[in-house]
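Take a look at the structure set out below.
Read the numbers this way: they start at 1 and go in the same order the structure lists the ligands and their atoms.
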Amino acid sequence: MLFSLNFTLPPIFFTNLSPQSKPFWNVPLHWRLKAKNQTSHVPKSPLCWTAEQELIQQGKGENSVEEEEEKVFHLGLEDQTLPLGLRREAMPRHVAVIMDGNRRWARLRDLPVGSGYEAGVRSLRKIVELCCQWGVKVLTVFAFSSENWFRPKVEVEFLMSLFDRGMQEDTGSFLRDNIRVSVIGDLAKLPETLQELIINLEEATKSNTRFHLIVAVSYSGHYDVVQACQRLAMKAKCGLIEPSDINESLVEQELETKCTEFPYPDLLIRTGGEFRISNFMLWQLAYAELFFAQSLWPDFGEVELLKALVAFQQRRRRYGNAPAKFKALEVACVEF
Ligand SMILES: CC(C)=CCC/C(C)=C/CC/C(C)=C/COP(=O)(O)OP(=O)(O)O
């Protein structure tokens, strides 16, 4: 029998999270493992049941800390730590993020605007890592909009060099962690060196299957729909399709998100306290759940991501009467 589970976190869950009282999953792994022989000190966390706790429980914790760390690192996805309150089977497959608030973060600290963007990259790395660990399959981030070209030249150049640097620095970890990277948007407008880097990175990671990071650069929802229309018009002009053949499925196949198996974000997160979608993935967000966070993007970390995911898992998704392709996740979310 199917039943609805309306899981609500105990108030202690978020009110207790001061920097002094970190949740158990923030405690470094070697501390947790070192504590394992001192039974009274093994944290009996009400918040999550971790893979290494499982090993201790099974009496298999006889190895050195290093061996245990190695073992935990290589456990399968389904065995990895998942904070209490998150259900793996109800995890959004595709999360989209508008990473807003980097410049405000820098100004609040009297730092140059570039430091805000650099802090934003650090935040992005952390969120990618968590999404991988927690079982999200696709993450699309809005890194530079079509409108951002109108920002001061020096800022645009800084962002271009940051993309360049970020992609070069992270190629090794994308390969090691089995992460595929795609970049979507009007890439012809980017500096040629960056275009080459993108082609190489996409090629190098195209067979990776654990996680798909999609970076939207020089992108807007309007741009995406227009370029899809142009491609369909070309096909019609060449006689490959009739105008009357054009339907939702054909449009979907021409959108930039054709690179992923899950083109429709289940969850859109916007940081920075604004309540808009700012011309991001207009077609694809049709049935996304929206989550607006007050945190500026560089401050958006584990606790904030967890709040967004827990909120998502508590939503009841209805989709109107949309076709089954949208509905797969509803079963996991509502009928647990
Ligand atoms: C390598 C890589 C993918 C890097 C991504 C870097 C990054 C965080 C880009 C965000 C860019 C951007 C225009 C954000 C909007 O917020 P804003 O900073 O304009 O916010 P604000 O003016 O509202 O504070």
Side-chain angles (χ1 to χ4, degrees), residues 95-132 138-174 177 179-187 189-191 193-202 204-205 211-221 223 256 259 268-281 292-301 304-305:
V95 175
V97 182
I98 300 178
M99 308 182 287
D100 198 16
N102 304 282
R103 295 189 300 185
R104 275 173 283 163
W105 184 92
R107 287 183 190 126
L108 279 170
R109 288 160 179 77
D110 276 332
L111 293 170
V113 162
S115 311
Y117 291 131
E118 285 171 339
V121 175
R122 292 195 289 277
S123 202
L124 176 57
R125 288 194 179 113
K126 180 76 193 157
I127 297 305
V128 166
E129 192 186 315
L130 289 167
C131 284
C132 271
V138 183
L139 175 72
T140 301
V141 292
F142 205 4
F144 191 87
S145 73
S146 307
E147 292 76 23
N148 288 155
W149 288 113
F150 299 103
R151 288 195 174 187
K153 190 166 177 272
V154 61
E155 200 178 314
V156 170
E157 284 174 357
F158 184 87
L159 275 166
M160 293 301 140
S161 70
L162 191 63
F163 299 146
D164 200 301
R165 222 180 339 137
M167 287 184 197
Q168 299 206 47
E169 283 174 7
D170 289 355
T171 300
S173 56
F174 293 139
D177 297 337
I179 296 174
R180 179 178 172 201
V181 183
S182 300
V183 182
I184 59 171
D186 190 358
L187 305 189
K189 289 195 170 151
L190 303 180
T193 47
L194 184 54
Q195 292 184 38
E196 265 174 47
L197 261 178
I198 291 169
I199 292 170
N200 292 339
L201 182 61
E202 288 186 333
T205 61
F211 182 73
H212 194 173
L213 172 65
I214 303 176
V215 184
V217 179
S218 187
Y219 175 89
S220 74
Y223 158 79
E256 298 263 310
C259 62
L268 170 76
I269 300 172
R270 182 183 183 134
T271 61
E274 306 286 358
F275 301 96
R276 320 184 257 276
I277 54 174
S278 299
N279 205 355
F280 187 41
M281 302 182 89
F292 297 98
Q294 284 302 315
S295 314
L296 304 176
W297 174 248
D299 294 326
F300 191 87
E304 290 75 18
L305 179 64

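- Ligand-side atoms of ligand 1 in range of N148: 13 (C), range being under 4.0 angstrom from any heavy atom.
- Residue-ligand proximity, R104 to ligand 1, at heavy-atom distances under 4.0 Å covers atoms 21 (P), 23 (O), 24 (O).
- Every heavy atom of G272 sits 4.0 Å or more from the atoms of ligand 1.
- Here the side chains of V217 and L190 are in contact, with some heavy-atom distance below 4.5 Å.
- In this structure, M99 and T271 approach most closely via the heavy-atom pair C-OG1, 3.7 Å.
- Taking a 4.0 Å cut-off on heavy atoms, A143 registers as neighbouring ligand 1.
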Donor-acceptor contacts under 3.5 Å from residues 116-125 side chains, at least two apart:
{"unit_1": "Y117", "atom_1": "OH", "unit_2": "R151", "atom_2": "NH1", "d": "2.7"}
{"unit_1": "Y117", "atom_1": "OH", "unit_2": "E155", "atom_2": "OE2", "d": "2.6"}
{"unit_1": "E118", "atom_1": "OE2", "unit_2": "R165", "atom_2": "NH2", "d": "3.2"}
{"unit_1": "S123", "atom_1": "OG", "unit_2": "W297", "atom_2": "O", "d": "2.9"}
{"unit_1": "S123", "atom_1": "OG", "unit_2": "F300", "atom_2": "O", "d": "2.8"}
{"unit_1": "R125", "atom_1": "NE", "unit_2": "D170", "atom_2": "OD1", "d": "3.1"}
{"unit_1": "R125", "atom_1": "NE", "unit_2": "D170", "atom_2": "OD2", "d": "2.9"}
{"unit_1": "R125", "atom_1": "NH2", "unit_2": "E169", "atom_2": "OE1", "d": "3.3"}
{"unit_1": "R125", "atom_1": "NH2", "unit_2": "D170", "atom_2": "OD1", "d": "3.2"}

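- Here atom 19 (O) of ligand 1 lies nearest to R151 when heavy atoms of R151, M167, Q168 are compared.
- Residues passing the salt bridge (Lys or Arg N to Asp or Glu O under 4.0 Å) test with E147: none are found, sequence neighbours excluded.
- When each atom of ligand 1 is checked for a heavy atom of V121 under 4.0 Å away, the hits are 4 (C), 6 (C).
- Under the 30°/60° scheme for interplanar angles, the aromatic rings of Y219 and F142 are found to stand perpendicular.
- Comparing E274, R103, M99, E169 against atom 22 (O) of ligand 1, the shortest heavy-atom distance belongs to R103.
- Considering both main-chain and side-chain atoms, D100 comes within under 3.5 Å of ligand 1 through a nitrogen or oxygen pair.
- Between N279 and S146 there is no side-chain heavy-atom pair separated by less than 4.5 Å.
- For atom 5 (C) of ligand 1, the choice among F163, Y117, W105 with the nearest heavy atom turns out to be F163.
- Atoms CG and CZ, on N102 and R107 in that order, are 11.0 Å from each other to the nearest 0.5 Å.
- Contacts between L124 and ligand 1, counted as non-hydrogen atom pairs separated by less than 4.0 Å, involve the side chain only.
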